[in-house]
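To start, the structure itself, in structure tokens.
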Amino acid sequence: MRRAARKRTTRQLAQVFKALQGDHTHPFAHEIYQRVHKKLPRISLATVYRNLHSLVDEGKIRTLLLDAQGARFDPETSQHDHFVCERCGRVVDLFLREARPIDLSSLAKQGYVVTTHTLTVHGMCRVCAARRTSRSQRPARRLRRQRRSPPAQKDGVR
């Protein structure tokens with residue numbers, strides 16, 4: 001449930017919101033804290049969390065729970081989905097052109113009320129896929145065997 005709209009905008013709230021504007025990396029709270037801390041050195045991580053949750057409650061940003069690493073924050077509030085790279089962790093916004101028909105009627109029959117749903121696609125991003133392809137196309141390196149001399153014996157004990 002959303003709280004009533006904030007009555008006042010604080011410096012901290014404004015800086016937290018500004019730190020997210022135009023950022024499509026879907027940062028974690030500690031990353032946002034590091035950005036805001038440069039402008040407001042006395043701000044605490046708890047204050048950043050409080051302000052992030054206020055912005056979510058106001059509908060100005062979204063919280064993403066995509067994996068076990070924790071919540072990420074998204075300034076894009078329009079309906080969209082996400083792609084998560086399993087190799088580097090990059091999260092990319094997906095604006096799929098065609099509607100995906102998903103039958104959620106069984107949930108309604110069980111008493112659930114669905115208000116929205118999202119799709120999270122997992123795989124390898126373009127960068128990681130290109131690295132993987134370029135590595136597999138390189139000729140295999142031959143490892144040179146180095147001759148090692150036998151270990152030196154100390155006091156006749158080997």
Side-chain angles (χ1 to χ4, degrees), residues 1-140:
M1 184 186 282
R2 293 189 187 263
R3 289 188 224 154
R6 273 181 94 86
K7 302 230 175 174
R8 66 186 186 111
T9 300
T10 64
R11 251 183 347 180
Q12 293 91 344
L13 180 72
Q15 285 298 319
V16 169
F17 189 56
K18 185 177 178 182
L20 271 166
Q21 294 309 294
D23 184 346
H24 300 289
T25 65
H26 306 82
F28 294 101
H30 69 273
E31 294 171 310
I32 298 165
Y33 166 76
Q34 290 170 346
R35 295 174 195 170
V36 174
H37 189 262
K38 290 176 184 174
K39 301 278 186 183
L40 302 172
R42 296 184 66 190
I43 196 166
S44 69
L45 181 58
T47 300
V48 170
Y49 269 107
R50 248 189 327 277
N51 284 294
L52 286 168
H53 291 293
S54 292
L55 290 167
V56 169
D57 287 346
E58 293 173 27
K60 292 183 176 180
I61 64 172
R62 293 173 57 183
T63 303
L64 301 176
L65 299 170
L66 301 173
D67 53 29
Q69 291 183 338
R72 291 174 174 256
F73 295 91
D74 189 356
E76 179 61 56
T77 58
S78 67
Q79 183 63 37
H80 66 283
D81 301 305
H82 296 93
F83 179 90
V84 179
C85 180
E86 294 172 341
R87 186 165 277 182
C88 70
R90 180 179 288 131
V91 179
V92 180
D93 289 330
L94 296 178
F95 297 93
L96 303 173
R97 291 183 183 155
E98 295 182 27
R100 347 172 267 291
I102 297 176
D103 184 8
L104 301 175
S105 60
S106 63
L107 291 174
K109 290 176 186 172
Q110 295 174 35
Y112 293 95
V113 176
V114 177
T115 56
T116 186
H117 73 279
T118 60
L119 172 71
T120 304
V121 180
H122 295 263
M124 267 195 291
C125 68
R126 294 176 192 163
V127 174
C128 290
R131 283 184 193 147
R132 181 178 174 198
T133 303
S134 66
R135 282 186 187 144
S136 66
Q137 291 175 350
R138 287 187 207 156

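What you are looking at is a predicted structure, and each value in this text was computed from that prediction instead of being measured. One is the number of the first residue; the rest follow in order along the sequence.
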By side-chain hydrogen bond (donor to acceptor under 3.5 Å, both in side chains), which residues pair with E31, not counting sequence neighbours? none
Those residues at least two apart in sequence (or on a different chain) that pass side-chain hydrogen bond (donor to acceptor under 3.5 Å, both in side chains) with T25 are D23
D81 vs L96, side chain to side chain contact (heavy atoms under 4.5 Å, CB included): CA-CA, chis, key distance, verdict: CA-CA 8 Å; D81 301 305; L96 303 173; 3.7 Å; yes
Rounded at 0.5 Å granularity, tell me how far CZ in R126 sits from SG in C85. 12.0 Å
Apply side-chain hydrogen bond (donor to acceptor under 3.5 Å, both in side chains) to S105 and list each qualifying residue two or more places apart in sequence or on a separate chain. D103
Who passes side-chain hydrogen bond (donor to acceptor under 3.5 Å, both in side chains) against S44, sequence neighbours left out? T47
Please test L52 against T63 for side chain to side chain contact (heavy atoms under 4.5 Å, CB included), starting from the C-alpha separation and ending with a verdict. CA-CA 9 Å; L52 286 168; T63 303; over 6 Å; no
Could I get the full list of ring-ring contact (aromatic ring centres under 6.0 Å, His included) partners for Y33, not counting sequence neighbours? H37
Taking C-beta and beyond as the side chain, do Q79 and T118 meet within less than 4.5 Å on heavy atoms? yes
Taken in chain and number order and not counting sequence neighbours, the residues that satisfy salt bridge (Lys or Arg N to Asp or Glu O under 4.0 Å) with R90 are none
How many angstroms lie between NZ in K18 and CD1 in I32, if you round to the nearest 0.5 Å? 15.0 Å
When every non-hydrogen atom of A29 is compared with those of V48, the smallest separation belongs to O-CG1, 4.1 Å
Locate the shortest heavy-atom distance separating V91 from H26; write the atom from each residue and the value. O-ND1, 3.3 Å
Sorted by chain and residue number, the ring-ring contact (aromatic ring centres under 6.0 Å, His included) partners of F95 (sequence neighbours excluded) come out as H80
Roughly how far apart are R87 CZ and R131 CZ, rounded to 0.5 Å? 9.0 Å
Quick one: side-chain contact (heavy atoms from CB on, under 4.5 Å) partners of T120, sequence neighbours excluded? L66, V84, H122
Worked check of side chain to side chain contact (heavy atoms under 4.5 Å, CB included) between D93 and H82: CA-CA 5 Å; D93 289 330; H82 296 93; 3.2 Å; yes
For a 4.5 angstrom cut-off between non-hydrogen side-chain atoms, does F17 reach N51? no
Distance check, rounded to the nearest 0.5 Å: C128 atom SG versus R132 atom CZ? 10.5 Å
Just to verify, what does L107 make a side-chain contact (heavy atoms from CB on, under 4.5 Å) with, not counting sequence neighbours? L104, Y112, V114
Sorted by chain and residue number, the side-chain contact (heavy atoms from CB on, under 4.5 Å) partners of A108 (sequence neighbours excluded) come out as none
Quick check for you: to the nearest 0.5 Å, what is the distance between L20 atom CG and R62 atom CZ? 13.0 Å
So which atom in P75 and which in I61 form the shortest heavy-atom distance, rounded to 0.1 Å? CA-CG2, 4.1 Å
The side-chain contact (heavy atoms from CB on, under 4.5 Å) partners of V113 (sequence neighbours excluded) come to none
Across all chains, not counting sequence neighbours, the ring-ring contact (aromatic ring centres under 6.0 Å, His included) partners of F28 are H30
Inter-residue atom distance L40.CG - K38.NZ, 0.5 Å rounding: 13.0 Å
